Structure formats: C-alpha cells, structure tokens
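Structure first, commentary second.
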Amino acid sequence: MVDISRLPAEARQRRRVELREFLRTRRARLTPADVGMPAGGGRRTPGLRREEVAVLAGVGVSWYTWLEQGREINVSADVLDAIARVLRLDPAEREHLYLLSGLNPPPARPAERGVPDAVRRVIDAWMPKPAYVVDRHWDFVAVNTAARAVFGYDEAAHNCLVSFFTSARHRTEWDDWHDVARAIVGHFRADAARYPGDPEFGRIADDMCAVSPEFAAIWAEHPIGSAGQGVKVLDNPEVGRLTFEYTSLPLPDLPGHRMILHTPDAATDTETRLARLLAVTV
C-alpha cells in the first residue's frame, strides 16, 4: 500500500485533485433514476449528489465528502467496493479508485467470459505464423491453424502443461526436451505463486506428479522462471528443424490470459519449412 503521508506535499495535492475530479465525474454521469432514486428538484448540476452516493454506499456523508476532498482518512477495501458499485465503475476505474485512495487494488478476478472475437481475429491474422491464447491455468482458449500444425496444440488438447508432459510427439520433437521441461515447470510455479488463493494450480500440479515422473522430479526441485520471450526449436518429422522466436503478451481485459506469438527465426530457413508444413497439413 502506498503511504500517502510520506509523499511530497505537491504529490499529495495532485492526488487530492485527481481523486476529487475522478469521483465528481463519475457522479455526474449517473442520474437518480439510474440508481432507483427520485429525481427531486433544485439540482444545480447533473448527476448524483455526494449525500446520495454516501447513502447508497452505506457511509457517512461527511466521510464521503472528506474522501472526495482527498483528506487523509482511513479507507477500507469494503467501502471502496461499495462506492465502486454505486458509481458503476468498471474494473479499470475500480483499480484507479483504489490507487488514488492509497490502497493496493485487489487481484483481478479470472475472466468469466470467452475470448473476444477481436482477440481471435488477431491470432488468425498472425497466420501463417503460430499463435495461441492460454488462460492463467494454461488451458488453451484460442489456437490458430499454424500452432495446430507446428505444436499439435488445440483447444481440445485442454492444457498446455499437460500436453507438453504427456504427449509422445513433444518428447520426440522438442530440442533439449529436458531443459525446456524445467523452464516450463519453473514458469508454471511462478504463475501459481501469483494466485495463492487459487486451488486449481495445486490440483494440476498434483495430477501432473501422478502421471509424469519427470514433472514430479522437476516440481520437487522448485525451479522458478518466467518466459516473456525466447526461442523454441523443434524437429518436425515432415519438414525438419523449425526455430521460432516467441513473445508472450498479457491481455489486460482477460486477467491471467496471455497471447503467445511466434516468428520464424530469420537466420534459419524456418519460414520456408513452415510454408511446406502448412501445405501438407492444412
């Protein structure tokens, strides 16, 4: 949590001004009718009044006024959530309110909706290069045709981690399989640490330990790593060695999801080999 009292006076003043303007503009975009209250008369400005927000959020009018003024008062996550609900803040606005109020935003909730069509269009437009999207548990949620041909990935394959350790294809095709396996386990363990309250990571790890001795041995060593970008090398039985540079991009509107985009290594003939592979498999 940011200790506002330790900020320079100028920074505290800027925060107060931004918090005041942020809450004022969010009040102004709502009408009493939007929240089931009578319109009444004598309104000099549009939108909800401070006292109406306070009543609907279950806080004192004076306290809410002090909050808008940016005074150094005690705030809690429950109260901020109540205000966010009354003002109908979206996730980004709710996070902004937390930050301006000096609290760390709560962890983003897992996405409850499917992958937007716009995201699917991006990975489809990445053709003829491989691209796919996984959620925070490493389940496939969108895969383009090239990724199916190159890696054997598909939404039906369910989980990237499970696929890597249980597929005979991956065992034979990946260059330096054991090094890749260790890196993957380290990345998965690091992801699990970001969601300490999510039991699904533990369930996946337990299941993997039961079905894959290699996974169990690496998991017990507690490797930690990350994979924002890197190189993947595979020996495809149809066209030979394929070398890709990849980049992993988070999707802010889908918390925990990431898009992995692959580009053929320009120093190799991967692009030509990929074209041949797609010609015989698509």
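Everything numeric here is computed off the predicted structure, so don't read it as measured data.
- Here A217 pairs with nothing under the side-chain contact (heavy atoms from CB on, under 4.5 Å) rule; sequence neighbours left out.
- Pairs passing the ring pair (Phe, Tyr, Trp, His ring centres under 6.0 Å) check and including a residue from residues 51-92, sequence neighbours excluded, do not occur.
- Every salt bridge (charged side-chain N to carboxylate O under 4.0 Å, His left out) that D191 has, sequence neighbours left out, goes to R194, R258.
- Using modelled atom types and a 3.5 Å distance limit, the side chains of E214 and H178 yield no donor-acceptor pair.
- Considering only residues two or more places apart in sequence or on other chains, E95 meets the salt bridge (charged side-chain N to carboxylate O under 4.0 Å, His left out) condition with none of them.
- A search for salt bridge (charged side-chain N to carboxylate O under 4.0 Å, His left out) contacts involving E68 returns R27, R50, not counting sequence neighbours.
- More than 12 non-hydrogen atoms from other residues, nucleotides or ligands lie less than 6.0 angstrom from CG of D90.
- Between the D176 side chain and the D179 main chain, no donor and acceptor come within less than 3.5 Å of each other.
- For A181, the side-chain contact (heavy atoms from CB on, under 4.5 Å) partners two or more places apart in sequence, or in a different chain, are F164, F165, W177, I218.
- The hydrophobic cluster around V233 extends to V231, counting ILVMFWY residues whose side-chain heavy atoms fall within less than 4.5 Å of a member.
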Identify every side-chain donor-acceptor pair in residues 241-248 under 3.5 Å, counting partners at least two apart or on other chains, and give the distances.
{"from": "R241", "atom 1": "NE", "to": "D235", "atom 2": "OD1", "distance (Å)": "3.2"}
{"from": "R241", "atom 1": "NH2", "to": "D175", "atom 2": "OD1", "distance (Å)": "3.1"}
{"from": "R241", "atom 1": "NH2", "to": "D235", "atom 2": "OD2", "distance (Å)": "3.2"}

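- When atom types are taken as modelled, the side chain of T172 and the backbone of R169 share a donor-acceptor pair closer than 3.5 angstrom.
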Passes side chain to side chain contact (heavy atoms under 4.5 Å, CB included), F188 versus I204? Steps please.
-> CA-CA 10 Å; F188 184 76; I204 294 173; 3.8 Å; yes
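- V141 and R120 get closest at one heavy-atom pair: O-NH2, 3.1 Å.
- T25 is linked by a side-chain contact (heavy atoms from CB on, under 4.5 Å) to nothing, counting only residues two or more places apart in sequence or in another chain.
- Every pair passing ring pair (Phe, Tyr, Trp, His ring centres under 6.0 Å) that includes a residue from residues 262-282 is listed here, sequence neighbours excluded: Y132-H262, F151-H262.
- For the side-chain contact (heavy atoms from CB on, under 4.5 Å) test, residues two or more places apart in sequence or in another chain that qualify with V61 are E51, A54, T65.
- The hydrophobic clustering, which links ILVMFWY residues whose side-chain heavy atoms are closer than 4.5 Å, places Y195 and I224 apart.
- Here the closest heavy-atom approach between residue P264 and residue E271 is recorded as CB-N, 3.8 Å.
- A search for salt bridge (charged side-chain N to carboxylate O under 4.0 Å, His left out) contacts involving E200 returns R203, not counting sequence neighbours.
- Side chains of Y153 and N144: no donor on one and acceptor on the other come within 3.5 Å.
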